[in-house]
There are 2 protein chains.
Amino acid sequence: MIRMIQSLNEHNREDLQEALGKGGQKLTPQREVVFAVLLAQRDHPTVDEVFNRARESMPGLSLATVYNCLETFVGCGLVRQVNHERESTRYCPNLAPHAHFRDKETGQVHDIELPPEVMKSLRSILPPGFDSEVIEISFLGRTKANDPLHSN
Amino acid sequence: MIRMIQSLNEHNREDLQEALGKGGQKLTPQREVVFAVLLAQRDHPTVDEVFNRARESMPGLSLATVYNCLETFVGCGLVRQVNHERESTRYCPNLAPHAHFRDKETGQVHDIELPPEVMKSLRSILPPGFDSEVIEISFLGRTKANDPLHSN
DNA sequence: TTGCGGTTTAGATTCATTCTAACTCATTAA
DNA sequence: TTAATGAGTTAGAATGAATCTAAACCGCAA
Ligand SMILES: [Mn+2]
Ligand SMILES: [Mn+2]
Ligand SMILES: [Zn+2]
Ligand SMILES: [Zn+2]
């Protein structure tokens with residue numbers, strides 16, 4: 001799928017600027033472009049995929065800067081890293097609590113909403129003395145029907 | 001903690017031989033030593049840790065062979081790979097369904113039992129058409145008390 | 001204008017993992 | 001008893017995602 005990356009709308013640019021500001025960082029043209037790429041197509045791209053998409057709107061952009069931007073976003077809580085086994089890290093701008101489903105055949109990664117009661121039941125299995133801030137849940141399997149909610 | 005690696009007992013050697021056989025693979029001295037290392041100290045060692053422990057009982061053993069043995073065990077379903085972010089892969093001989101808890105401060109990895117009802121509630125969040133064989137759950141956090149059940 | 005500091009950049013480096021090709025060695029065929 | 005076969009082991013080379021380094025860039029303030 002080819003998709004022209006539009007620039008950030010007013011609302012998203014403000015969100016980005018605010019989050020960066022809280023983390024003591026500045027809004028830059030490179031960060032805008034990289035963030036726009038993440039919002040435009042929420043398919044959990046790798047750094048290389050982000051790089052190639054971002055280069056279309058900013059040809060001089062370097063791979064190192066894409067790494068830097070994404071690291072900054074993670075630090076500011078704007079984006080999550082998603083890892084499956086030892087494959088390249090993928091990036092996700094969905095801030096709601098969610099798990100990841102990885103399609104064994106296509107490699108596509110889908111977001112799976114995590115209801116609060118499931119989060120609670122998960123937390124409840126921790127023995128006393130274990131205190132967890134982050135829970136990562138990932139499914140590996142197949143998708144039969146193409147669910148309109150989860151296909152791009 | 002220093003621990004002398006004893007060789008496999010009769011029971012475990014039979015289990016190993018049977019699982020290897022089903023996967024069309026043979027029992028070798030190297031595989032025995034590497035498997036014994038995994039059973040002796042269930043702290044989710046990395047390949048390098050396995051290598052260093054196994055070398056004590058088999059000085060000529062090579063790192064490549066440790067990689068090969070562990071890959072074979074995973075293929076035969078004797079061992080699970082455990083990944084946290086992009087750190088070195090760790091290996092776990094616990095075949096019961098369980099999650100992993102990673103201590104942010106010490107880096108230690110603990111097994112967390114996964115009750116069937118939690119597994120069910122997790123499976124239930126998958127939309128129709130999504131079919132998952134493998135679910136990975138990992139906690140990141142701190143351990144306050146040292147729980148006798150989970151300390152070695 | 002000039003200096004400062006955060007950001008970007010290209011390229012070098014790191015390091016876990018995978019690959020390659022030679023060697024070992026137990027089993028099988030002649 | 002040899003010879004051939006082939007799975008397993010081994011050292012070292014190659015790979016590649018991620019990190020590091022140092023120079024260039026650039027907006028802002030003295
Ligand atoms: Mn908003
Ligand atoms: Mn048994
Ligand atoms: Zn996601
Ligand atoms: Zn485990």
Side-chain angles (χ1 to χ4, degrees), chain A residues 16-17 19-37 44-55 57-76 78-92 107 109, chain B residues 16-17 19-37 44-55 57-76 78-92 107 109:
Chain A
L16 175 60
Q17 186 155 29
L20 286 170
K22 281 184 187 168
Q25 318 253 191
K26 293 170 184 168
L27 185 59
T28 67
Q30 289 86 348
R31 286 172 179 167
E32 277 194 46
V33 167
V34 170
F35 196 59
V37 163
H44 304 86
T46 62
V47 173
D48 264 303
E49 287 164 344
V50 173
F51 178 47
N52 287 315
R53 293 175 196 176
R55 264 200 296 192
S57 13
M58 186 179 272
L61 184 69
S62 77
L63 179 60
T65 297
V66 176
Y67 272 101
N68 291 340
C69 289
L70 292 170
E71 182 185 40
T72 298
F73 297 160
V74 171
C76 295
L78 279 164
V79 164
R80 276 174 58 183
Q81 290 184 316
V82 179
N83 290 289
H84 283 98
E85 284 144 29
R86 300 247 333 150
E87 293 181 2
S88 305
T89 299
R90 296 175 175 277
Y91 291 83
C92 173
V109 177
Chain B
L16 176 59
Q17 186 155 30
L20 287 170
K22 280 184 188 167
Q25 318 253 190
K26 292 170 188 169
L27 185 59
T28 69
Q30 288 85 351
R31 286 172 180 170
E32 277 193 45
V33 166
V34 170
F35 195 59
V37 163
H44 304 84
T46 62
V47 173
D48 264 303
E49 285 164 345
V50 172
F51 178 47
N52 287 315
R53 293 175 197 176
R55 266 203 292 194
S57 14
M58 187 180 270
L61 183 70
S62 77
L63 179 60
T65 296
V66 175
Y67 272 101
N68 292 340
C69 289
L70 291 170
E71 183 185 39
T72 299
F73 296 160
V74 171
C76 293
L78 279 162
V79 164
R80 277 175 57 182
Q81 290 185 316
V82 179
N83 290 288
H84 283 96
E85 285 145 26
R86 300 250 328 153
E87 293 181 2
S88 305
T89 300
R90 296 176 175 275
Y91 291 83
C92 173
V109 177

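Throughout, protein chains are lettered first and strands after them, A, B, ... in sequence-line order, and every chain is numbered starting at 1.
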Under 4.0 Å from OP1 or OP2 of dA17(D): is there any side-chain N or O of R86(A) that close? no
Whole Å only: how far is the CZ atom of F51(A) from the P atom of dT8(C)? 14 Å
Base, sugar-phosphate alone, or nothing: which one does T65(A) contact when heavy atoms must sit under 4.0 Å apart? base
Applying side chain to side chain contact (heavy atoms under 4.5 Å, CB included), run through N83(B) and R90(B) and close with a yes or a no. CA-CA 6 Å; N83(B) 290 288; R90(B) 296 176 175 275; over 6 Å; no
Looking at side-chain heavy atoms only, is the closest gap between N52(B) and R55(B) below 4.5 Å? yes
Please tell me which of the listed nucleotides, dT7(C), dA18(D), dT9(C), lies nearest to the side chain of A64(A)? dT9(C)
Tell me the interatomic distance from L63(A), atom CG, to dA12(C), atom C1', rounded to whole angstroms. 14 Å
Whole angstrom value for the distance that separates P of dA7(D) from CG of L27(B): 17 Å
Just call it for E87(A): base, sugar-phosphate, or nothing, with non-hydrogen atoms closer than 4.0 Å on any strand. nothing
Between P of dG5(C) and NZ of K26(A), the distance in whole Å: 11 Å
Given atom CD of E71(A) and atom C1' of dA17(D), what is their separation to the nearest angstrom? 14 Å
Y67(A) atom OH is separated from dT13(C) atom P, nearest whole Å, by 18 Å
What is the distance from CD of Q30(B) to P of dT9(D), rounded to the nearest Å? 5 Å
For V66(B) and D48(A), find the nucleotide of DNA chain D closest to each by heavy atoms; which residue's nucleotide sits nearer the 5' end? V66(B)
Considering only dT8(C), dA16(C), dT7(C), which nucleotide approaches the side chain of Q25(A) most closely? dT7(C)
Starting at atom CD of E85(A), determine the distance to atom C1' of dT18(C), rounded to an integer number of angstrom. 16 Å
Can you identify which nucleotide, out of dT9(D), dA11(D), dT8(C), has its nearest atom closest to the N68(B) side chain? dT9(D)
Heavy-atom distance under 4.5 Å between the side chains of F51(B) and T46(B), does that happen here? no
Given dG6(C), dG8(D), dT10(D), identify the nucleotide with an atom nearest to the side chain of R31(B). dG8(D)
What nucleic acid atoms does T89(A) come within less than 4.0 Å of, heavy atoms only: base, sugar-phosphate, or nothing? sugar-phosphate
Taking 4.0 Å as the cut-off, does a side-chain nitrogen or oxygen of T28(A) come that near to OP1 or OP2 on dG6(C)? no
Within the 4.0 Å heavy-atom criterion, would you say S88(B) contacts the bases, only the backbone, or no part of the nucleic acid? sugar-phosphate
Selection from dT10(D), dA18(D), dT9(C) that lies nearest to any side-chain heavy atom of L61(A): dT9(C)
Is any side-chain heavy atom of F35(B) less than 4.5 Å from a side-chain heavy atom of L78(B)? yes
With rounding to the nearest 0.5 Å, note down the distance linking CG in L16(B) to CD in Q25(B). 11.0 Å
